[in-house]
Amino acid sequence: MITPIATRLIRGQDLKLELQKLVTAHNISAGSVASCVGCVSQLNIRLANANNTKLVQAAFEIVSVMATLTPNHQHVHISVADENGDVIGGHLLEGTIIATTAELIVHRYDTLSFHREHDDSTGYTELTISSNNQ
């Protein structure tokens, strides 16, 4: 069963922290971001190869947010567009601040559990999926 959870974030809220709070408040053991429409005044992302981060204070429209949500870790990627329509994206970090609003819809998958476990082949914690249907 998929349970949709919808909320509206407001000016000054941290997108990453609010997602973490939503996961906890709604007891999400497996989830994803279905939609996120809005804008940010500050963007904080980790770029490809996980070595460099980028913090930019400027107006951006959110054009995409994708995520796998587990109780202890939210793996979130974001893409935003500037006033010229140029797009930048990466791994969402704390410090991405809502400018005016963000309309956020999350899906909770009640028949699944998502976890993250270390994978020797990648060197990172990777998604593991189990079914709650016994």
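Put simply, the side chain of Asp110 does not reach to within 4.5 Å of the side chain of Asn132, judged on heavy atoms. Side-chain contact between Arg116 and Glu126: present, with at least one pair of heavy atoms (C-beta onward) separated by less than 4.5 Å.
No donor-acceptor pair under 3.5 Å is formed between the side chain of Lys16 and the backbone N or O of Val76. The backbone N or O of His26 lies less than 3.5 Å from a partner atom in the side chain of Arg108, making a donor-acceptor pair. Without hydrogens or angle criteria, Asp119 side chain to Ser121 main chain gives a donor-acceptor distance under 3.5 Å.
Classified by interplanar angle (parallel below 30°, tilted 30° to 60°, perpendicular above 60°), the ring pair His77/His75 is perpendicular.
To the nearest 0.5 Å, atoms NZ (Lys21) and OG1 (Thr7) are separated by 11.0 Å. To the nearest 0.5 Å, atom CG of residue Asn72 and atom CD of residue Gln20 are 10.5 Å apart. Residue Ile45 holds its CD1 atom at 9.0 Å from OG1 of Thr53, rounded to the nearest 0.5 Å.
Val65 and Val37 fall into different hydrophobic clusters, where Ile, Leu, Val, Met, Phe, Trp and Tyr are joined by side-chain heavy atoms under 4.5 Å apart, directly or via other members. Met66 and Ile5 fall into different hydrophobic clusters, where Ile, Leu, Val, Met, Phe, Trp and Tyr are joined by side-chain heavy atoms under 4.5 Å apart, directly or via other members.
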List the atom pairs, donor and acceptor, that lie under 3.5 Å between side-chain atoms in residues 89-103 and the rest of the protein, sequence neighbours left out.
from, atom 1, to, atom 2, distance (Å)
Thr96, OG1, Asn44, N, 2.9
Thr96, OG1, Asn44, O, 3.1
Thr96, OG1, Leu93, O, 3.4
Thr101, OG1, Arg8, NE, 2.8
Thr101, OG1, Leu9, O, 3.4

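Here the shortest heavy-atom pairing between Ile28 and Leu22 reads CD1-O, 4.1 Å. Nearest heavy atoms, Cys36 versus Leu104: CB-CD1, 4.0 Å. Residue Pro71 comes nearest to Val23 through the heavy atom pair CA-CG1, 4.0 Å, listed as atom of the first residue, atom of the second, then distance.
Checked against Val80 for a side-chain contact (heavy atoms from CB on, under 4.5 Å), the options Val63, Ile88, Val56 give a single hit: Ile88.
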ask   = Are Leu69 and Gln74 close enough, and set up right, to give a side chain to side chain contact (heavy atoms under 4.5 Å, CB included), and what steps lead you there?
value = CA-CA 5 Å; Leu69 308 173; Gln74 294 77 50; 3.6 Å; yes

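In the hydrophobic clustering, Leu112 connects to Ile2, Tyr109, Phe114, Leu127, Ile129, either directly or through intervening members, whenever side-chain heavy atoms lie under 4.5 Å apart.
Each side-chain hydrogen bond (donor to acceptor under 3.5 Å, both in side chains) pair with one or both residues in residues 56-68, not counting sequence neighbours, appears once here: Gln42-Gln57.
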